[in-house]
Amino acid sequence: MLKKELKEKVEQCYMELAQAEELPQADLPKGHLISVPKQEEHGDFASNLALTMAGPLKMPPAKIAQALQNGLVRDPLFSKVEVAGPGFLNLFISDSFWQGHLRTIIQAGRRYGESREGENRKVLVEFVSANPTGPLHVGHGRGAAVGDSLARIMAAAGFDVSTEYYINDAGNQMQTLGRSVYLRYLEHFGQDVEFPKECYQGEYIREIAVRIAKQEGDRFISLPFDECSQFFIEQAVQEISQGIREDLEDFNVHFDNWYSEKRLHSSGFIQDTIQELQAEGFIYEKDGALWFRTTEFGDDKDRVVRRSNGELTYFAADIAYHREKFQRGYEMLVDIWGADHHGYVPRVKAAIQAMGHDPKGLQVLLVQLVNLIQGGKLKAMSTRAGEFVTLREVLDDVGTDAARFIFLTRRCDSHLDFDLDLAKSQSQENPVYYVQYAHARLCSVFEKAAEAGLIQDRDNALDELLDMGEMDLSLLKEPEELRIMKLLASFPETVAGSAAALEPHRISYYLHDLAGLLHKFYAKHRFVGDDNVLSTARLVMAGATRTVLANGLAMLGVSAPEKM
RNA sequence: CCGCCCAUAGCUCAACUGGAUAGAGCAACGGACUUCUAAUCCGUAGGUUGGAGGUUCGAGUCCUCCUGGGCGGGCCA
């Protein structure tokens with residue numbers, strides 16, 4: 001990756017100058033970094049080394065920069081090195097570098113954008129993990145898009161990534177769920193029942209009840225709930241989970257593993273974990289309950305892990321679950337939660353620390369809730385009250401591509417107003433089409449190139465281009481071309497940065513920028529024109545651009561259509 | 001009362017982890033299809049980055065306080 005090379009080059013240059021006693025000796029500063037200036041006139045890259053060394057060297061930054069400049073200009077990679085502003089080194093890269101890089105992109109193909117920044121670290125990304133008590137709503141959709149894309153991005157950046165869905169199929173909510181279906185079942189057979197407020201109100205509950213009634217008949221109507229709760233719970237969980245899996249599948253979200261909380265209970269692993277913690281002195285008894293000293297690790301108050309009635313809390317299961325994740329060998333855990341669970345972060349981190357892990361080994365990404373807007377007003381969402389817009393509904397309205405792109409074009413910690421009417425009617429103005437259209441246009445360029453006889457086989461065009469003998473990439477020197485080539489070269493860094501910061505939205509913005517440059521070029525110049533040598537060179541650029549657009553869209557889980 | 005998150009163009013959002021003159025898309029206005037897809041492009045307009053201090057060569061970004069909005073604070077999940 002270019003930035004890294006440049007950083008080394010600049011630092012190497014300083015070391016040589018220090019060696020030659022042209023500059024005083026000092027340690028390299030931590031704050032040195034290579035950035036991309038906002039203004040094109042400020043070069044392709046800028047180094048702040050002189051600024052960060054002004055203090056240690058006790059010299060004016062401009063003077064240090066000048067010495068570095070004299071050393072760096074000798075490198076053929078640079079077409080120009082300037083000292084600017086308070087002491088920046090502006091680095092201008094030779095055109096030939098960018099031109100040659102196009103071949104690198106095409107050679108790498110699907111793999112372009114990958115890097116080894118993650119150093120093969122084992123990471124588990126856990127997301128959605130919605131309770132199997134109802135269909136996924138839009139908020140879950142956002143978490144799903146973020147988690148799934150982040151996993152893809154981190155994999156590309158060289159992490160060894162697995163994804164997991166934690167199924168909360170234990171606890172009180174299961175009783176409530178079963179009872180809800182049971183009561184609807186009784187209603188179906190004409191019994192007059194009181195349907196409590198705390199039960200799940202959604203229509204899907206009735207649908208499950210009706211299905212059971214059809215299959216099983218009325219054989220449960222004389223049984224009290226306690227005697228058939230298991231059956232109703234299992235049926236409901238099974239059916240709802242199936243729906244969730246289908247929704248996610250259609251949303252292009254895939255999990256490597258589905259992890260059942262119930263199994264965590266039945267295996268005795270939670271009890272075992274509590275005993276371990278107790279042995280370490282982190283657990284104490286008060287008022288008949290067992291408490292975890294999370295305050296020792298910065299939490300506001302201690303938390304109950306086993307209630308006085310003997311039941312384990314959700315938190316207890318969570319501790320065991322995270323312990324088990326580490327036991328499976330993961331070095332880094334990424335949890336994606338709804339922001340309404342933010343109060344949980346300190347206690348789970350406390351638990352991890354108590355178990356001897358670095359709290360930084362768990363990164364919790366809090367995804368802000370989605371505000372759904374329909375008819376200009378806010379829609380309330382509550383699973384219990386049964387008032388929610390499901391992910392399914394949104395998918396049917398807007399489609400997977402648009403929904404995913406909208407979710408991924410915002411930072412996680414900013415609220416998202418999802419305007420359904422707009423998303424539906426917006427089909428022409430939706431940002432996702434801007435990027436997809438760029439890809440489709442490039443595909444048709446290749447079709448045109450095949451017609452013109454520049455390439456033989458449209459499907460293997462990229463391989464063909466690489467094998468072509470006479471090729472003059474130095475013809476690519478229009479400003480629009482250079483901008484595209486430069487942005488293409490920064491794709492791997494963007495992916496690595498997106499992974500490191502756990503910010504998938506950076507890929508969306510990158511793609512939008514790239515599509516913009518492509519559209520600008522397209523309006524001003526022609527890929528396939530009268531000059532065959534120039535056209536061939538431009539086809540190489542088209543191929544490289546198409547590759548990056550396709551790879552980036554794949555990371556977002558958005559399709560890259562050949563025609564629109 | 002306490003804690004976490006947010007506040008940037010009329011609207012929805014960016015800003016590469018502290019860098020140079022804060023950028024896109026919608027919406028508004030004016031232009032561009034005989035040419036590889038006009039789901040596009042070009043131009044105009046739009047800002048005291050909620051407010052006040054502080055840290056330093058340098059702040060939308062970091063620290064403190066204030067204002068306004070969201071979400072939490074159970075032996076619920």
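Residue numbers start from 1 in every chain, and the chains themselves are labelled A, B, ... in the order their sequence lines are given, proteins ahead of strands.
Taking atom P in both U67(B) and U56(B), the straight-line distance is 28 Å, to the nearest Å. On the C1' atoms, A14(B) is 10 Å away from G25(B), given to the nearest whole Å. Remark: the separation of the P atoms in C66(B) and G73(B) is 24 Å, to the nearest Å. Comparing the P positions of G19(B) and G58(B) gives an interatomic distance of 14 Å, to the nearest angstrom. Spacing between U61(B) and G54(B) at atom P, rounded to whole Å, works out to 14 Å. Between U49(B) and C62(B), the distance separating the two C1' atoms is 16 Å to the nearest Å. Comparing the P positions of U64(B) and U55(B) gives a spacing of 15 Å, expressed to the nearest Å.
Each of Asp340(A) and Phe88(A) was assigned the nucleotide of RNA chain B with the nearest heavy atom; the assignment lying further toward the 5' end belongs to Phe88(A). Mapping Pro37(A) and Glu562(A) onto RNA chain B by nearest heavy atom places Pro37(A) closer to the 5' end of the strand.
With both pairing distances under 3.5 Å, C75(B) is matched to nothing as a Watson-Crick or G-U wobble pair. When both pairing distances are held under 3.5 Å, U44(B) makes a Watson-Crick or G-U pair with A28(B).
Phe88(A) has its ring centre no less than 6.0 Å from the ring centre of Phe45(A).
Between the base of G69(B) and the side chain of His415(A) there is no donor-acceptor pair shorter than 3.5 Å. Not a single donor-acceptor contact under 3.5 angstrom links the side-chain atoms of Asp513(A) to the base of A14(B).
Checking C75(B), C36(B), G23(B) against the side-chain heavy atoms of Trp291(A) singles out C75(B) as nearest. Distance from the side chain of Gln173(A) is smallest to A77(B) among A77(B), G23(B), A38(B).
A sub-4.0 Å separation between OP1 or OP2 of C36(B) and a side-chain N or O of Arg538(A) is absent. For Lys38(A) and A15(B), the shortest distance from a side-chain N or O to OP1 or OP2 is not below 4.0 Å. Dashed line: the shortest gap from a side-chain N or O of Lys301(A) to OP1 or OP2 of C2(B) is not under 4.0 Å. Considering only side-chain N and O atoms, Tyr434(A) lies under 4.0 angstrom from the phosphate OP1 or OP2 of C41(B). Contact annotation: Ser414(A) side-chain N/O to A14(B) OP1/OP2 distance is under 4.0 Å. Dashed line: the shortest gap from a side-chain N or O of Arg441(A) to OP1 or OP2 of A39(B) is not under 4.0 Å. For the OP1/OP2 pair of A14(B) and a distance below 4.0 Å, the side-chain nitrogens and oxygens of Arg411(A) include at least one atom meeting the criterion. Taking 4.0 angstrom as the limit, Arg307(A) places a side-chain polar atom (N or O) nearer than this to OP1 or OP2 of A77(B).
Among the atoms of the strands shown, only primed sugar atoms or phosphate atoms (P, OP1, OP2) are found under 4.0 Å from some heavy atom of Gln368(A). Here His42(A) lies in heavy-atom contact (under 4.0 Å) with a base. Counting any heavy atom pair closer than 4.0 Å across all strands shown, Phe446(A) reaches no nucleic acid atom. Within the nucleic acid shown, Lys563(A) comes within 4.0 Å of at least one base atom, counting heavy atoms only. The residue Lys3(A) sits close to a base: some heavy atom pair falls under 4.0 Å. Using a 4.0 Å heavy-atom cutoff across all strands shown, Ala452(A) reaches no nucleic acid atom at all. As judged by a 4.0 angstrom heavy-atom cut-off over every strand, Thr409(A) is placed among residues touching the sugar-phosphate backbone only. Here Asn48(A) lies in heavy-atom contact (under 4.0 Å) with a base. Within the 4.0 angstrom heavy-atom criterion, base atoms lie near Asp287(A). Counting any heavy atom pair closer than 4.0 Å across all strands shown, Ala449(A) reaches no nucleic acid atom. Within 4.0 Å (heavy atoms only), Ala438(A) reaches no atom of the nucleic acid at all. His439(A) comes within contact range of no nucleotide atom at all, as no heavy-atom separation falls under 4.0 Å. Asp318(A) comes within 4.0 angstrom of no nucleic acid atom, judged by non-hydrogen atoms across all strands. Heavy atoms of Leu416(A) sit under 4.0 angstrom from primed sugar atoms or phosphate atoms, though from no base atom.
For Arg506(A) and Tyr509(A), the positive end is not near the middle of the six-membered ring at less than 6.0 Å and at most 45° from its axis. Under a cutoff of 6.0 Å and an axis angle of 45°, Arg347(A) and Phe292(A) do not form a cation-pi pair.
The backbone N or O of Val305(A) sits nowhere less than 3.5 Å from a side-chain atom of Tyr314(A) that would complete a donor-acceptor pair. No donor-acceptor distance shorter than 3.5 angstrom exists from the side chain of Thr409(A) to the backbone of His505(A), with no hydrogens or angles considered.
Syn is the glycosidic conformation of U17(B), whose angle stays within 90° of 0.
Between the side chains of Gln173(A) and Asn131(A), at least one donor N or O lies within less than 3.5 Å of an accepting N or O.
Atom NE2 in His342(A) sits about 15 Å away from atom P in C2(B), given to the nearest Å. Rounded to an integer number of Å, the gap from CG of Asn371(A) to C1' of C71(B) is 11 Å.
Between Phe527(A) and Tyr522(A), the ring-plane angle classifies as tilted under the 30° and 60° cut-offs.
Other residues, nucleotides and ligands contribute only 12 or fewer heavy atoms inside 6.0 Å of the CD atom of Glu562(A).
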